[in-house]
Amino acid sequence: MKKVEKGEFGYLAYKKSRNMIKTIIAFAVVLVIFIIGFIIWKSKNNYLTMLAVVLVLPAAKFAVSYFVLIPHKNCDEELKSAIEERKGELNSVYDLVVSNKQKPVGIMAAVISDNQILAYTSAAKADKNLFETSVKEFLKNEKLTCAVLLYKDKNTYLEKVKNAALNFDVSKENSLDRKKYITDALLRMSM
């Protein structure tokens with residue numbers, strides 16, 4: 001399985017499968033340790049059972065990280081191509097699950113300029129207000145400010161990306177730096 005970095009197209013599918021494999025292996029190790037202890041001592045009351053019980057905690061952590069990602073959708077090739085056509089010099093990231101204090105929000109794509117983050121999700125139940133306020137708050141803690149907008153309509157989103165690309169001034173040196181800092185902050189905030 002080829003490694004996909006956070007923010008790259010296909011990251012969510014990669015992360016889901018990787019977390020599923022880790023979960024299966026972790027619980028298999030727990031089960032094997034328990035069975036070996038039972039076979040050796042002919043009882044479940046032994047040191048290996050105690051070790052197996054302790055190892056359930058990290059296995060459960062892998063399971064939680066897998067189950068948190070399941071409801072979120074991956075970006076498809078068609079959407080990625082449409083964004084890449086329109087984004088110009090803006091940064092783009094894909095397949096993120098943005099964490100916050102209440103509930104993670106999955107975004108299929110985000111385009112970042114020096115003064116805004118334009119994100120897209122097809123999930124009807126995604127909490128737009130939660131996403132926007134939590135990202136702004138995180139950026140504020142990073143000493144960054146920008147507009148954060150989450151769209152659920154693909155055509156509107158693509159039009160906004162096109163307009164943002166047309167309005168981006170690459171001649172300003174600090175614009176390029178700010179764009180990078182904001183992109184990095186969004187990636188740090190994501191699972």
Side-chain angles (χ1 to χ4, degrees), residues 1-19 65 68-69 72-123 126-191:
M1 177 172 23
K2 183 180 176 247
K3 184 174 182 175
V4 180
E5 296 294 328
K6 190 188 297 186
E8 291 179 5
F9 179 74
Y11 175 75
L12 193 55
Y14 166 79
K15 194 71 172 167
K16 283 178 184 178
S17 61
R18 186 152 168 99
N19 286 355
S65 64
V68 164
L69 298 177
H72 305 289
K73 294 182 181 178
N74 307 341
C75 181
D76 58 51
E77 192 69 51
E78 180 186 330
L79 176 61
K80 179 188 181 263
S81 296
I83 291 168
E84 293 297 320
E85 272 179 26
R86 291 164 177 81
K87 75 172 186 134
E89 295 294 320
L90 303 181
N91 289 352
S92 58
V93 292
Y94 300 95
D95 297 332
L96 296 178
V97 178
V98 179
S99 58
N100 56 59
K101 294 176 184 172
Q102 296 174 6
K103 178 180 162 184
V105 179
I107 58 171
M108 297 169 80
V111 172
I112 299 108
S113 74
D114 61 335
N115 63 359
Q116 64 183 341
I117 296 174
L118 303 173
Y120 172 75
T121 184
S122 64
D127 190 335
K128 177 179 170 40
N129 187 47
L130 174 65
F131 173 80
E132 292 172 354
T133 55
S134 61
V135 172
K136 283 179 188 175
E137 185 178 308
F138 184 83
L139 291 173
K140 184 178 175 185
N141 291 335
E142 299 275 319
K143 309 278 190 269
L144 296 166
T145 57
C146 73
V148 179
L149 300 162
L150 178 64
Y151 295 92
K152 296 181 184 180
D153 178 69
K154 185 166 39 173
N155 293 329
T156 303
Y157 176 69
L158 292 172
E159 189 62 33
K160 294 293 184 180
V161 167
K162 183 178 171 184
N163 291 338
L166 291 173
N167 293 326
F168 182 66
D169 185 4
V170 290
S171 64
K172 292 182 188 174
E173 188 175 317
N174 68 340
S175 292
L176 299 174
D177 290 340
R178 277 187 52 79
K179 180 176 71 165
K180 182 183 179 336
Y181 296 145
I182 292 168
T183 303
D184 292 344
L186 181 62
L187 291 175
R188 281 193 303 277
M189 188 179 178
S190 303
M191 295 179 189

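Computed from heavy atoms alone, side chains included, the values below leave out hydrogens, waters and symmetry copies. The structure presented is a predicted model; accordingly, all values stated were derived computationally and were not measured.
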Next on the checklist: One pair to check against salt bridge (charged side-chain N to carboxylate O under 4.0 Å, His left out): Lys3 and Glu8. What are the steps and the verdict?
Outcome noted: CA-CA 10 Å; Lys3 184 174 182 175; Glu8 291 179 5; over 6 Å; no

Item to check | Check: His72 and Leu12 side chains under 4.5 Å, non-hydrogen atoms | outcome: yes

What distance separates [X] [atom1] from [Y] [atom2], expressed to the nearest 0.5 Å?
{"X": "Asp153", "Y": "Thr121", "atom1": "CG", "atom2": "OG1", "result": "12.5 Å"}
{"X": "Lys162", "Y": "Leu118", "atom1": "NZ", "atom2": "CG", "result": "14.5 Å"}
{"X": "Asp169", "Y": "Leu176", "atom1": "CG", "atom2": "CG", "result": "9.0 Å"}
{"X": "Lys154", "Y": "Glu159", "atom1": "NZ", "atom2": "CD", "result": "14.5 Å"}
{"X": "Glu84", "Y": "Glu77", "atom1": "CD", "atom2": "CD", "result": "9.5 Å"}

Next on the checklist: Pair Lys128, Glu132 - check salt bridge (charged side-chain N to carboxylate O under 4.0 Å, His left out), show working.
Outcome noted: CA-CA 6 Å; Lys128 177 179 170 40; Glu132 292 172 354; 2.5 Å; yes

Next on the checklist: Counting only heavy atoms not in Lys80 (residues, nucleotides, ligands), do more than 12 fall under 6.0 Å from its NZ?
Outcome noted: yes

Checklist outcome for this item: Contacts satisfying ring pair (Phe, Tyr, Trp, His ring centres under 6.0 Å) that involve residues 170-191 (not counting sequence neighbours) are none

Item to check | Among Tyr157, Phe131, Tyr151, the one residue meeting ring pair (Phe, Tyr, Trp, His ring centres under 6.0 Å) with Tyr120 | outcome: Tyr157

Only distances under 3.5 Å count here; give the side-chain donor-acceptor pairs of residues 183-191 to other protein atoms, sequence neighbours excluded, each with its distance to 0.1 Å.
| from | atom 1 | to | atom 2 | distance (Å) |
| --- | --- | --- | --- | --- |
| Thr183 | OG1 | Asn91 | ND2 | 2.9 |
| Thr183 | OG1 | Lys179 | O | 2.8 |
| Asp184 | OD2 | Lys180 | NZ | 2.8 |
| Arg188 | NH2 | Glu142 | OE1 | 2.4 |
| Ser190 | OG | Leu186 | O | 2.9 |

Checklist entry - In terms of ring plane angle, is the pair Tyr94 and Phe9 parallel, tilted or perpendicular, where the classes change at 30° and 60°? => result perpendicular

Checklist entry - side-chain hydrogen bond (donor to acceptor under 3.5 Å, both in side chains) with Gln116: which residues, sequence neighbours excluded? => result none

Checklist entry - Is there a donor-acceptor pair closer than 3.5 Å between any side-chain N or O of Arg178 and the backbone N or O of Cys146? => result no

Item to check | Check: Asp95 side chain, Asn74 main-chain N or O, donor-acceptor pair, under 3.5 Å | outcome: no

